[in-house]
There are 2 protein chains.
Amino acid sequence: MVSDHTHSPDNDDFPQEINGLRMTRQRKEVYRCLMEHRVHPTAQDVFLEVKDKLPQISLATVYNCLEALTQHGIIRQVHFDRESCRYCPNLLDHGHFHDQATGKIHDVTFKPGVKLEDVLDLPPGTVVSNIELTLRGTIAS
Amino acid sequence: MVSDHTHSPDNDDFPQEINGLRMTRQRKEVYRCLMEHRVHPTAQDVFLEVKDKLPQISLATVYNCLEALTQHGIIRQVHFDRESCRYCPNLLDHGHFHDQATGKIHDVTFKPGVKLEDVLDLPPGTVVSNIELTLRGTIAS
DNA sequence: AATTAAAATAAGAATCATTCTTGACTGTGG
DNA sequence: CCACAGTCAAGAATGATTCTTATTTTAATT
Ligand SMILES: [Mn+2]
Ligand SMILES: [Mn+2]
Ligand SMILES: [Zn+2]
Ligand SMILES: [Zn+2]
């Protein structure tokens with residue numbers, strides 16, 4: 001990994017640090033990949049994409065980057081059954097709809113003003129720290 | 001697998017067949033385990049429990065049984081991130097709350113009359129065939 | 001510019017839940 | 001009794017993820 005002392009093209013307009021996490025070249029590219037395409041890729045998908053920019057990157061490093069970004073609340077994991085994890089840079093409360101016809105995954109938001117407590121029969125005193133909502137189906141044309 | 005021609009104790013009041021699936025001794029015990037405890041066990045959990053009744057059963061057979069029961073709509077898989085699958089015999093629409101203090105998993109039902117379309121911003125024409133709702137948190141005493 | 005310690009990366013090995021493969025067994029009906 | 005279809009057990013294979021370790025990079029200091 002040859003580094004340029006003066007003005008590397010990766011020093012773009014990109015912040016050097018997010019949420020206290022140092023944004024290395026690898027982390028920047030991984031994050032940029034998620035932000036640009038927003039298709040909820042797997043680690044493998046990200047790996048193939050990022051290799052264009054950083055040919056020497058390894059899959060393990062992609063996993064490391066995704067883990068670091070996740071731990072610092074910059075992105076989130078998305079799970080579909082036991083398939084490979086997918087990653088999402090949308091930090092707003094939302095669920096995921098898997099279109100079984102196209103294979104695409106769409107973000108799904110709650111209608112404005114909706115709170116889970118209004119809708120679910122939770123035991124009194126329940127404090128919910130995390131929600132994962134996954135839908136599957138099709139979209140009629 | 002010694003079988004009793006006359007009146008094995010497993011021929012109880014248990015149906016010979018559910019949803020077109022022949023209920024063998026192994027499948028009966030696996031299903032009974034889920035129905036009796038209702039703690040959303042993993043395949044490994046079921047294996048350890050069922051071994052009391054069928055000491056020669058293998059983990060692979062437990063997986064086979066759980067798969068057969070799932071395919072015939074008798075039980076359902078429950079996923080928590082990428083942990084081992086868990087299994088649930090409650091066929092009503094419901095989600096799962098994972099109490100992070102106790103580690104226990106509780107079924108969570110929707111309040112009566114609630115429909116997803118009332119709550120989610122789904123693209124028009126969306127046909128939802130499957131929902132998975134997972135919550136994590138704690139219950140204040 | 002050189003020195004140093006801490007953090008990050010690359011490469012491959014290890015892990016482990018799950019699935020697959022294969023050969024043996026069971027029960028039913030002819 | 002025999003053939004057939006359905007099941008089962010045991011272990012091998014798979015594959016996503018994690019771990020290990022040596023190397024490289026970074027940022028801070030002389
Ligand atoms: Mn590409
Ligand atoms: Mn037991
Ligand atoms: Zn998303
Ligand atoms: Zn349940």
Side-chain angles (χ1 to χ4, degrees), chain A residues 1-8 10-11 14-31 40-48 50-51 53-72 74 77-87, chain B residues 1-8 10-11 16-31 40-48 50-51 53-72 74 77-87:
Chain A
M1 192 180 307
V2 180
S3 121
D4 178 5
H5 283 238
T6 56
H7 205 87
S8 112
D10 301 289
N11 284 344
F14 216 97
Q16 296 299 117
E17 188 169 310
I18 302 182
N19 286 5
L21 180 69
R22 210 166 94 201
M23 291 304 280
T24 64
R25 197 163 319 182
Q26 290 82 353
R27 288 172 186 161
K28 279 178 196 169
E29 286 306 327
V30 167
Y31 185 53
H40 303 91
T42 64
Q44 186 66 224
D45 295 335
V46 173
F47 176 52
L48 293 176
V50 168
K51 262 206 300 201
K53 277 285 193 71
L54 304 175
Q56 82 296 2
I57 199 170
S58 74
L59 179 57
T61 295
V62 172
Y63 271 110
N64 287 342
C65 291
L66 291 168
E67 170 72 9
L69 292 166
T70 302
Q71 286 310 311
H72 285 75
I74 303 168
Q77 285 192 335
V78 177
H79 303 280
F80 288 91
D81 298 355
R82 303 203 92 250
E83 293 170 15
S84 305
C85 289
R86 294 174 176 278
Y87 296 87
Chain B
M1 192 184 307
V2 180
S3 121
D4 179 5
H5 282 239
T6 55
H7 206 85
S8 111
D10 302 288
N11 283 344
Q16 296 300 117
E17 188 169 312
I18 302 183
N19 287 4
L21 179 68
R22 206 166 100 201
M23 291 303 281
T24 64
R25 197 163 321 180
Q26 289 81 352
R27 288 172 185 161
K28 279 179 195 169
E29 285 305 327
V30 166
Y31 184 55
H40 303 90
T42 65
Q44 185 67 228
D45 294 336
V46 173
F47 175 52
L48 293 176
V50 168
K51 261 205 303 202
K53 278 284 193 69
L54 304 174
Q56 83 297 359
I57 200 169
S58 74
L59 179 57
T61 295
V62 172
Y63 271 110
N64 286 341
C65 291
L66 290 167
E67 170 72 9
L69 291 166
T70 302
Q71 285 311 311
H72 285 75
I74 302 167
Q77 285 192 335
V78 177
H79 304 279
F80 288 91
D81 300 351
R82 303 203 93 252
E83 293 170 16
S84 305
C85 290
R86 295 175 175 278
Y87 297 86

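Each chain gets a letter, A, B and so on, in the order the sequences are listed, and its residues count up from 1.
Side chains of A/Y87 and A/V78 form no contact here, defined as non-hydrogen atoms less than 4.5 Å apart. Residues A/Q26 and A/K28 form no side-chain contact, since every pair of their non-hydrogen atoms from C-beta on lies 4.5 Å or further apart. Annotation: side chain of B/S84 is not in contact with side chain of B/Q44 (no heavy-atom distance under 4.5 Å).
For the pair B/E67 and A/N64, both in contact range of DNA chain C, the more 5′-proximal nearest nucleotide belongs to A/N64.
For the pair B/L54 CG and C/dC25 P, the computed distance is 18 Å after rounding to whole Å. The distance between atom NZ of A/K53 and atom P of C/dT9, rounded to the nearest whole Å, is 16 Å. Distance, B/L66 CG to D/dT7 C1': 15 Å, rounded to whole Å. Between the CZ atom of B/F47 and the C1' atom of D/dC8 there is a distance of 13 Å, given to the nearest Å. The distance from atom NE2 of B/H72 to atom C1' of D/dT7 is 13 Å, rounded to the nearest whole Å. Remark: C1' of D/dT23 and CD of A/Q26 are 13 Å apart, rounded to the nearest angstrom. B/I57 places its CD1 atom 15 Å from the C1' atom of C/dT26, with the value rounded to the nearest Å. Counting to the nearest Å, the P atom of C/dA10 and the CZ atom of A/R25 are 11 Å from each other.
Closest to the side chain of A/R22, from the set D/dC8, C/dA10, D/dT26, is D/dT26. In the set D/dA10, D/dT7, C/dA10, D/dT7 carries the atom at the smallest distance from any side-chain atom of B/T24. Nearest nucleotide to the side chain of B/R27, out of D/dC8, D/dA27, C/dA10: D/dC8.
Minimum interatomic distance between B/F47 and B/S58 (heavy atoms only, all atoms of both residues): CE1-C, 3.6 Å. For the residue pair A/R27 and A/L69, the shortest heavy atom distance occurs at O-CD1, 4.3 Å.
Remark: A/S58 is not in phosphate contact with C/dA11, judged by side-chain N or O atoms under 4.0 Å from OP1 or OP2.
Ion pairing of B/K53 with B/E29 is present here, as a side-chain N (NZ or NE/NH1/NH2) and a carboxylate O approach within less than 4.0 Å.
Side-chain atoms of A/R82 come within 3.5 Å of backbone N or O of B/E83 as a donor-acceptor pair.
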Between the protein and nucleotides 16-18 of chain C, which nitrogen or oxygen pairs are less than 3.5 angstrom apart?
from: C/dT18; atom 1: OP1; to: A/R82; atom 2: NE; distance (Å): 3.3
from: C/dT18; atom 1: OP1; to: B/C85; atom 2: N; distance (Å): 2.7
from: C/dT18; atom 1: OP2; to: B/Y63; atom 2: OH; distance (Å): 2.3
from: C/dT18; atom 1: O5'; to: B/Y63; atom 2: OH; distance (Å): 3.4

Nucleotides 28-30 of chain C: which of its N/O atoms have a protein N/O under 3.5 Å away?
none

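At a cut-off of 3.5 Å, with distance as the only test, a side-chain donor of A/T42 or A/D45 sits close to an acceptor on the other residue.
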Exercise. Would A/K51 and A/I57 count as a side-chain contact (heavy atoms from CB on, under 4.5 Å) if you check the C-alpha gap in whole Å, the side-chain angles of each, and the deciding distance to 0.1 Å?
Worked result: CA-CA 6 Å; A/K51 262 206 300 201; A/I57 199 170; 4.0 Å; yes
